[in-house]
Amino acid sequence: MKIPFLEYRSVLAYNRDVFLIEHSDLLKTFIAIDNNFDALIRLPQTCRDRDGNSYVSLAPLLLLLRRQVHSAFDVLSADQSYQAWLLLRPGIEAALIIGKWVDDPQNAKIWQDREKDPGAYQKTYTGKALRSGSLIGSERIQAVLRTINDRFVHANLDYYHRHLNVGPGDPGYVNVVLSYFEDDTLQLVNVLAFLHLLLVVQEALLVLFNQLFGTEVALPSSLALFRQTYSDRIEGLAHGNVEYKAVLSDLGAWSAGSA
């Protein structure tokens, strides 16, 4: 008996295994980047600012970011980047919220009272207002969030046509096929964009914490090392391909000459 849902699950498992075989270097890179969270989370857990204030309430936001990163990378490895970016969205927002709370502790109260005063929440946490002075590069991080909202959250024209193939069928018929999975090259582009963005966010948070707590912590896996390792590969994929270039720049926060 043919059961479409079970067939779908089997393809998910198959795609993940193929990714492990063909892109073990990227999996190892992801694991190294994921380990950066240990150093990041330890800072608000154990440190206080120069006035003795604790920021331990920031730790759950970092844990949320890490959880979403795990979930997103899992489906990304299964050739479903359109799901991965959607899963990552709350994590990116959590990083931006950290910047807002450090900007002004009153912003945490506004966040907490969202249901009581939705107007204040909208004014503080919507669109460009989500950018902060404390989080370096928050403009481009928020721009990625906006891109995710535009491309993956709503069933707009772009989402409707993505993965849709329409062509001639039998006489008098038209074949309409909506793909659940992406080709391997597009998957690779999205994985590289994902990893680069993750490091951009992590290093922005690190700068924020080092300034806030007066520490000099470094991440075990750096953005500079990633760029040194993968810049030629990324530039080669982006060259001459508008779609790939847009993924790397608009979602991955990559710019030509980043290395």
Side-chain angles (χ1 to χ4, degrees), residues 1-27 30 68-93 126-127 140-198 230 233-256:
M1 180 175 60
K2 183 177 180 180
I3 303 177
F5 178 64
L6 296 183
E7 290 183 343
Y8 168 71
R9 284 170 58 89
S10 69
V11 176
L12 284 173
Y14 176 82
N15 287 348
R16 289 188 183 101
D17 289 343
V18 169
F19 182 85
L20 297 182
I21 294 170
E22 295 187 349
H23 299 295
S24 60
D25 60 325
L26 291 173
L27 176 61
F30 171 72
Q68 297 309 119
V69 164
H70 288 177
S71 298
F73 192 79
D74 180 50
V75 295
L76 192 56
S77 71
D79 287 329
Q80 291 188 315
S81 66
Y82 64 96
Q83 295 285 64
W85 293 110
L86 188 60
L87 285 167
L88 184 62
R89 187 197 179 285
I92 297 174
E93 191 172 30
T126 301
R140 65 173 174 170
I141 296 172
Q142 187 273 330
V144 172
L145 187 68
R146 184 178 66 246
T147 300
I148 292 173
N149 289 340
D150 291 341
R151 295 186 185 177
F152 304 108
V153 175
H154 306 290
N156 53 28
L157 185 65
D158 181 53
Y159 199 88
Y160 175 89
H161 284 291
R162 190 182 297 122
H163 310 137
L164 182 66
N165 293 293
V166 180
D170 294 335
Y173 291 89
V174 174
N175 284 334
V176 178
V177 178
L178 181 66
S179 298
Y180 282 43
F181 305 100
E182 297 154 339
D183 66 66
D184 292 341
T185 305
L186 183 57
Q187 178 197 41
L188 175 61
V189 170
N190 277 279
V191 169
L192 290 167
F194 181 93
L195 295 175
H196 185 264
L197 174 68
L198 181 53
Y230 290 105
R233 197 172 181 182
I234 289 173
E235 295 291 354
L237 288 164
H239 181 71
N241 190 301
V242 175
E243 180 183 8
Y244 296 169
K245 184 177 181 180
V247 170
L248 291 162
S249 61
D250 299 346
L251 293 169
W254 178 271
S255 58

Between atom CD1 of I92 and atom CD of Q142, what is the distance when rounded to the nearest 0.5 Å?
-> 10.5 Å
Minimum heavy-atom separation for V144 to L251, with atom names?
-> CG1-O, 3.5 Å
Which heavy atom in S255 sits nearest to a heavy atom in E235, and how many Å separate them?
-> O-OE2, 4.1 Å
side-chain contact (heavy atoms from CB on, under 4.5 Å) between L76 and L88, worked out | CA-CA 11 Å; L76 192 56; L88 184 62; over 6 Å; no
In this structure, CZ of R162 is separated from CG of L157 (nearest 0.5 Å) by 10.5 Å
D183 (side chain) donor-acceptor with L186 (main chain) under 3.5 angstrom = yes
With the side chain counted from C-beta on, respond yes when H163 and Y82 share a heavy-atom pair under 4.5 Å apart, and no when they do not.
-> yes
Given the rule in the salt bridge (charged side-chain N to carboxylate O under 4.0 Å, His left out) test, do D158 and R151 qualify, once you have shown the distances and angles that lead to the verdict?
-> CA-CA 7 Å; D158 181 53; R151 295 186 185 177; 5.2 Å; no
Under 3.5 Å: donor-acceptor pair, side chain of N156, backbone of D150 = yes
So how far is it from N149 CG to W85 CH2, rounded to the nearest 0.5 Å?
-> 13.0 Å
Does CZ belonging to R233 count more than 12 external heavy atoms closer than 6.0 Å?
-> yes
Gap separating the CG atom of L86 from the CD atom of Q68, nearest 0.5 angstrom = 9.5 Å
Nearest non-hydrogen partners of A193 and V247, listed with the distance = CB-O, 3.7 Å
Under 6.0 Å between the ring centres of H196 and Y230?
-> no
Is there a side-chain contact (heavy atoms from CB on, under 4.5 Å) between H23 and V191 once you walk through the steps?
-> CA-CA 10 Å; H23 299 295; V191 169; over 6 Å; no
Has the side chain of D74 got a donor or acceptor atom that lies under 3.5 Å from a matching backbone atom of H70?
-> no
Just by distance, do the side chain of Y180 and the backbone of D79 share a donor-acceptor pair under 3.5 Å?
-> no
What orientation do F73 and F30 show, parallel under 30°, tilted 30 to 60°, or perpendicular over 60°?
-> parallel
Locate the shortest heavy-atom distance separating Y244 from L237; write the atom from each residue and the value.
-> CD1-O, 3.5 Å
Which of these passes side chain to side chain contact (heavy atoms under 4.5 Å, CB included) with V75: N15, L12, L87?
-> L87
4.5 Å side-chain heavy-atom contact, F5 and E7 | no
List the steps, then state whether side-chain contact (heavy atoms from CB on, under 4.5 Å) holds for V189 with N241.
-> CA-CA 11 Å; V189 170; N241 190 301; over 6 Å; no
In Å, rounded to the nearest 0.5 Å, how long is the span from CG of N190 to CD of Q187?
-> 8.5 Å
Which atom names give the shortest non-hydrogen contact between E182 and S81, and what distance separates them?
-> OE2-OG, 2.6 Å
Could you walk me through whether R16 and Y14 pass the side-chain contact (heavy atoms from CB on, under 4.5 Å) check?
-> CA-CA 5 Å; R16 289 188 183 101; Y14 176 82; over 6 Å; no
CG of L26 to CG of L192: how many Å apart, nearest 0.5 Å?
-> 5.5 Å
